[in-house]
Amino acid sequence: MQSIYPFTFLDTLHIGIYLIDNQWRIRYVNNVGAEFLGKTRGDLLSKQIRNFFPEEGMLSYTQARRAMEQNTLTHIEYYAPHLKRWFETQYYPTTEGLNVLILDITQRKQTELLAQRQATLLELSTEAILTWRWPDPICYWNSGATRLYGFSKEEAVGQLPFSLLHTQFPEPLPSLYATMQRTGQWQGELKQIAKDGKPLVVECRMVLVTEDDGNQVILEINRDITERKALEQRKDEFINMASHELKTPVTTIKGLTQVLIRKLAQQGIQEPVFILTKMDAQIDRLTKLIDDLLNVSKIQAGRLDYDNLPVDMDTLVYETVALLQTSIPTHILRVSGATQAIVMGDKDRLGQVLTNLTTNAVKYSPQANRVDITLTRTHKHVQVAVRDYGIGIPKAAQQHIFERFYRVKSEKAVPGMGMGLYITFEIVKRHGGTLTVKSEEGKGSTFLLSLPLHEDNL
Ligand code: ADP
């Protein structure tokens, strides 16, 4: 028989090949075909194929017979539990009988099963998941998206995602596209509108994937944060209202205390003056806390106003620190450097930045007696380093200290509300600058403020 089929190349294929005659005898089998059955060719040739295959399985007689009788190409897919593999069997009827090809398709099946499982997972997700070909309409829309937006798969697929959901972006679209092309992803908050007209806020993550054919696909996951945002807004409004309400009586008390101090001093009554002066200092602390609360809520609402005027940094730093020194008896505040640097911005707010950094440096270095403030100038920036020799900040906390209301856990004994560095950071950001920290626990911290120089000053 082998002389009739001298196709040795058939042995190089990863396909089992059997040529069967009209009496179901094996006329030819290649190496792989014999291997599938755990036999040699000699064992198989001229034998009845029934002796080697069970009735149903890799080779189905019903299908084979039908293929022969109807003279049509047929195929089946089959899982062989004893081999733990998937096979595809193809039947090609010929005038002499039947040619059977058996392919091991385990890898393809496993990929398909994995894809199926992933598809089920995507459907299970409570988040809205959608994909579209850049910049074409939506091609995938999961059940989470239907639940969130109210549009069914049929309604959404084929639509442009941004127009379907009336998406408002936190930044101009060209800059978002540029980020996507540069980094392959984008993350941010989107305002959208559901099918029933309900406004939504979602936390969006998009990934740009370039497929083998060069097409770009966006994978987008959106989480509904509408309620959280509404709650946050109510909380911010409350903080704003409460601090306004607190400010009026505190200002009155401050005024009255000063009147009392003056009157009693004029009458030469010393003891109450001493007590009232202490009270006055506490009122100042209270005022500072209320101002910080107001600033935080203004920043949140994007309503903190800034001047945009030239500011002489040397003068600002030396004057601010000199003023602070008058009320800080415990530490020497040492300023060095002269830069002649001018930046554009708000003098009072930049003063607030320096005051916050310096008072923190003092507050968190109770065992030390000095703070070093150094002014330097680089090609395009002026830098102010505020260095203390205090308790330092643990590594894990360093990335959080600029967040709103964040305080290092071990610092609960030191009074504070975790607002100063948040406000400071926001002010610096608004001036186009950066604020970073280097710190070692037990050795101290250095906060480095860097601001862009005014164009005329470059
Ligand atoms: P507050 O000082 O009111 O808690 P801040 O926002 O100014 O709030 O600071 C946030 C946290 O960062 C502080 O609670 C403190 O744990 C830490 N921190 C800030 N400055 C320093 C510093 N110079 N040294 C050590 N820890 C600091």
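Just follow the structure's listing: the first ligand is 1, and inside any ligand the first atom is 1. For reference, positions follow the sequence shown, starting with 1.
Taking every heavy atom of Met419 and a limit of under 4.0 angstrom, the matching atoms of ligand 1 come to 6 (O), 8 (O). Remark: ligand 1 atoms within the under-4.0 Å shell around heavy atoms of Leu421 are 5 (P), 6 (O), 7 (O), 9 (O), 12 (O), 19 (C). The ligand atoms of ligand 1 that sit less than 4.0 angstrom from a heavy atom of Lys363 are 1 (P), 2 (O), 3 (O). In summary, the atoms of ligand 1 found under 4.0 Å from a heavy atom of Arg407, numbered by their order in the structure, are 1 (P), 4 (O), 14 (O). Atoms of ligand 1 lying under 4.0 Å from any heavy atom of Gly392, numbered from 1 in the order shown and given with element: 25 (C).
With a 4.0 Å cut-off on non-hydrogen atoms, Asn356 does not touch ligand 1 at all. Contacts between Tyr406 and ligand 1, counted as non-hydrogen atom pairs separated by less than 4.0 Å, involve the backbone only.
Contact analysis puts Phe447 in contact with ligand 1, with a non-hydrogen atom separation below 4.0 angstrom. Contact analysis puts Ser445 in contact with ligand 1, with a non-hydrogen atom separation below 4.0 angstrom.
With a 4.5 Å cut-off on side-chain heavy atoms, His244 and Thr248 do not count as touching. Between Tyr306 and Ile427 there is a side-chain heavy-atom pair separated by less than 4.5 Å.
Geometrically, ligand 1 and Tyr422 share no nitrogen or oxygen pair separated by less than 3.5 Å. In terms of polar-atom proximity, defined here as any N/O pair under 3.5 Å, Pro415 makes no such contact with ligand 1.
The two residues Ile373 and Val384 have their closest heavy-atom pair at CG2-CG1, 3.8 Å.
Glu319 and Lys347 are not joined by a salt bridge, as no carboxylate oxygen comes within less than 4.0 angstrom of a charged side-chain nitrogen. A salt bridge links Glu112 with Arg108: the closest approach of a Lys/Arg side-chain nitrogen to an acidic carboxylate oxygen falls below 4.0 angstrom. Comment: Asp307 does not engage Arg349 in a salt bridge, judged by the lack of any side-chain N to carboxylate O separation of less than 4.0 angstrom.
The number of heavy atoms from other shown groups lying within 6.0 Å of NZ (Lys109) is above 12.
Classified by interplanar angle (parallel below 30°, tilted 30° to 60°, perpendicular above 60°), the ring pair Trp141/Phe151 is perpendicular.
Counting only non-hydrogen atoms, the option in Ile391, Val371, Val408 that gets closest to atom 17 (C) of ligand 1 is Val408.
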